[in-house]
Amino acid sequence: MDKMKISGKHAYCIMAHGNWEQLQMLITALDDERNDIFLHIDKKALDSYKQFGGSKSLHSSIYLIKSYDVRWSDFSQTSAELALFQRVVNCGVEYERVHLISGSDMPLRNQDYIHSFFKGKKEEYLIVRTNKKFSIRIKYYHFFVRYRRKYKVFDILRRILLLVQLPFVDRLKKCPLPYAWGANWCSLTMKAVNFLCDHKEICQSIFKYSTSSDELYKQMLLNSSPEFSFSSSEEGNLRYVDFSERNPSPKILTIADYDKIMSSGCLFARKFDIHKDKRVVEKILESL
């Protein structure tokens, strides 16, 4: 398919697994004729999503892709992300910017501001760190990752197999990509999205038996090429998150965080849960 150049159009790729009312609030905030929305619903939640009635927009086209059974830190997360990116490519539109966000995100600025911010920018808004922190995620083979949270026995087996590998295995020595890592959420150029999709096969071979591969594959692939440059801003990927509680996932933001969120200089924030605090989401939407 010949690609049609449409200057200034953005694609929003959303990963969602529940809280459909909040997802609709997010889509309403993004609903703009300059945007297309690409939506992945976790396979485990698809029936619930259909019962809710799906998602609606007035101005944006919504593309619902095939559902994957996504598990925490498993390669299925990477598979779903790549499927979203591939659907963007298959649309035949040369988007100016492709945003990967979760269903728990909210934009902090209106679409006029966001489109103006990215106009003419060539950098990738992706956090890329090259120190060896978390290299264990790919240095060794990780088995039973998708079952580690549901079944304790599989997590124990995974840890035992890791210990066995310590003296003998170093997958990074033969890896054709330099090690890099960072948050998976990002705002990429269409050039970067095409590059990732063109290298899907290498993703499968390198990252299948890693853990948290969604925080590795974009960084390692894009950083391996001199064609891409990355934002040097402090926020990196323009996402406000709060890991002050030192949990694997960021804390749920509330109305008490509103001033910090809005003064952060970021364009997006996560994560929100309207069942815990709906006021903060409503106040953000009012500000848009």
Side-chain angles (χ1 to χ4, degrees), residues 3 10-11 13 15 38 40 68 70 73-91 93-102 118 120-143 145 162 165 168-239 241 268:
K3 290 186 177 181
H10 286 206
C13 297
M15 304 271 291
F38 298 81
H40 175 267
Y68 288 78
V70 175
S73 79
D74 182 50
F75 187 73
S76 53
Q77 175 89 17
T78 294
S79 297
E81 287 185 13
L82 285 169
L84 279 167
F85 289 151
Q86 187 64 62
R87 186 66 182 88
V88 170
V89 171
N90 291 347
C91 261
V93 176
E94 191 72 12
Y95 294 99
E96 183 168 20
R97 192 60 55 165
V98 180
H99 308 280
L100 178 66
I101 62 177
S102 81
F118 285 105
K121 286 187 170 66
K122 304 299 182 184
E123 304 98 325
E124 309 303 329
Y125 286 84
L126 171 74
I127 294 173
V128 179
R129 296 181 176 128
T130 55
N131 60 57
K132 293 299 182 180
K133 188 176 182 181
F134 303 126
S135 62
I136 191 174
R137 293 175 174 178
I138 192 171
K139 188 175 181 179
Y140 307 106
Y141 291 95
H142 293 260
F143 302 100
V145 174
L162 274 177
Q165 295 178 67
F168 312 107
V169 177
D170 187 349
R171 298 175 66 206
L172 286 173
K173 285 184 176 179
K174 294 183 178 180
C175 183
L177 304 175
Y179 177 72
W181 63 280
N184 64 321
W185 313 112
C186 54
S187 294
L188 303 177
T189 62
M190 195 66 198
K191 182 180 180 180
V193 170
N194 276 302
F195 187 87
L196 292 173
C197 290
D198 287 344
H199 291 80
K200 284 190 299 185
E201 296 304 320
I202 199 171
C203 280
Q204 178 78 14
S205 62
I206 293 176
F207 300 104
K208 183 177 180 181
Y209 291 107
S210 63
T211 182
S212 300
S213 59
D214 57 310
E215 297 181 353
L216 299 172
Y217 82 96
K218 293 184 289 291
Q219 285 81 0
M220 290 177 66
L221 278 168
L222 296 178
N223 197 45
S224 71
S225 171
E227 297 181 40
F228 302 103
S229 61
F230 305 94
S231 169
S232 58
S233 67
E234 185 178 344
E235 296 79 19
N237 63 354
L238 304 172
R239 271 72 172 167
V241 291
F268 306 94

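It should be emphasised that the depicted structure is a prediction, and the values quoted were computed from it without experimental measurement. Values below: all heavy atoms of this structure, side chains included; hydrogens, waters and symmetry mates excluded.
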Margin query: On a heavy-atom basis, which atom in Ala180 and which in Asn223 lie closest, and how many Å separate them?
Written below: CB-ND2, 4.3 Å
Notebook entry, point to check: Within 45° of the axis and under 6.0 Å from the centre of the six-membered ring of Trp181, does NZ or CZ of Arg129 qualify?
Noted result: yes
Next item on the list: Check whether any side-chain heavy atom of Thr78 sits under 4.5 Å from a side-chain heavy atom of Leu216, and report yes or no.
Entry: no
Item checked: Nearest-0.5 Å distance, CZ of residue Phe75 to OH of residue Tyr217 -> 9.0 Å
Note to self: Does Ser212 form a side chain to side chain donor-acceptor pair (under 3.5 Å) with Ser73? I'd like the steps, not just the answer.
What the structure shows: CA-CA 4 Å; Ser212 300; Ser73 79; 4.7 Å; no
Notebook entry, point to check: Is there a side-chain contact between Val89 and Met190, using heavy atoms and a 4.5 Å cut-off?
Noted result: yes
Item checked: Spacing of Lys200 atom NZ and Ser79 atom OG [to the nearest 0.5 Å] -> 10.0 Å
Notebook entry, point to check: Which heavy-atom pair separates Ala183 from Gln219 by the least distance, and what is that distance?
Noted result: O-NE2, 3.0 Å
Margin query: Nearest 0.5 angstrom please: Asp214 CG to Leu100 CG, how far?
Written below: 9.0 Å
Item checked: Distance-minimising heavy-atom pair for Asn184 and Glu215 -> N-CG, 4.0 Å
Notebook entry, point to check: Can you find a heavy atom in the side chain of Arg239 that is under 4.5 Å from one in the side chain of Trp185?
Noted result: yes
Next item on the list: Fit a plane to each ring of Phe228 and Phe195, take the angle between them on a 0 to 90° scale, and name the class: parallel (under 30°), tilted (30 to 60°) or perpendicular (over 60°).
Entry: perpendicular
Checklist line | Minimum heavy-atom distance Val169-Tyr140, with the two atoms named | finding: O-CE2, 3.0 Å
Margin query: Assess, by modelled atom type and distance only, whether the side chains of His142 and Ser210 contain a donor and an acceptor separated by less than 3.5 Å.
Written below: no
Item checked: Any side-chain heavy-atom pair of His199 and Ile202 under 4.5 Å -> yes
Margin query: Applying salt bridge (Lys or Arg N to Asp or Glu O under 4.0 Å) to Glu96 and Lys121, what does each step give before you reach the verdict?
Written below: CA-CA 9 Å; Glu96 183 168 20; Lys121 286 187 170 66; over 6 Å; no
Next item on the list: Find out whether the Lys NZ or Arg CZ of Arg171 is both under 6.0 angstrom from the six-membered ring centre of Tyr141 and within 45° of the ring's axis.
Entry: yes
Check: Under 4.5 Å between any side-chain heavy atoms of His40 and Val70, yes or no?
Finding: yes
Next item on the list: Hey, could you give me the CG/NZ distance between Leu126 and Lys218, rounded to the nearest 0.5 Å?
Entry: 7.0 Å
Next item on the list: Test ring-ring contact (aromatic ring centres under 6.0 Å, His included) on Phe38 and His99 and set out the steps.
Entry: CA-CA 10 Å; Phe38 298 81; His99 308 280; over 10 Å; no
Next item on the list: Kindly determine whether Gln165 and Leu162 satisfy side chain to side chain contact (heavy atoms under 4.5 Å, CB included), including the steps that lead there.
Entry: CA-CA 5 Å; Gln165 295 178 67; Leu162 274 177; 4.2 Å; yes
Checklist line | Aromatic ring pairing Tyr209/Phe143, orientation class (parallel under 30°, perpendicular over 60°, tilted between) | finding: tilted
Item checked: Identified ring pair (Phe, Tyr, Trp, His ring centres under 6.0 Å) counterpart of Tyr125 within the set Phe118, Phe268, Phe230 -> Phe118
Next item on the list: Report yes if the side chains of Gln77 and Tyr68 come closer than 4.5 Å at any heavy-atom pair, otherwise no.
Entry: no
Margin query: Counting C-beta onward and ignoring hydrogens, is there a side-chain heavy-atom pair between Ser187 and Asn237 closer than 4.5 Å?
Written below: no
Next item on the list: Decide yes or no on side chain to side chain contact (heavy atoms under 4.5 Å, CB included) for Ile206 and Leu177, but give the supporting numbers first.
Entry: CA-CA 9 Å; Ile206 293 176; Leu177 304 175; 3.8 Å; yes
Next item on the list: Would you check if the side chain of Ser224 reaches a backbone N or O of Leu221 as a donor-acceptor pair within less than 3.5 Å?
Entry: yes
Note to self: With rounding to the nearest 0.5 angstrom, report the SG to CG distance, Cys186 to Leu238.
What the structure shows: 10.5 Å
Check: Does the pair Glu124/Lys191 count as a salt bridge with the N-to-O cut at 4.0 Å?
Finding: no
Next item on the list: Check whether any side-chain heavy atom of Ile138 lies under 4.5 Å from a side-chain heavy atom of Phe207, and answer yes or no.
Entry: yes
Notebook entry, point to check: Nearest heavy-atom pair of Arg97 and Leu188: which atoms, and what distance?
Noted result: CD-O, 3.1 Å
Item checked: Distance, nearest 0.5 Å, that separates NZ of Lys133 from OH of Tyr179 -> 10.0 Å
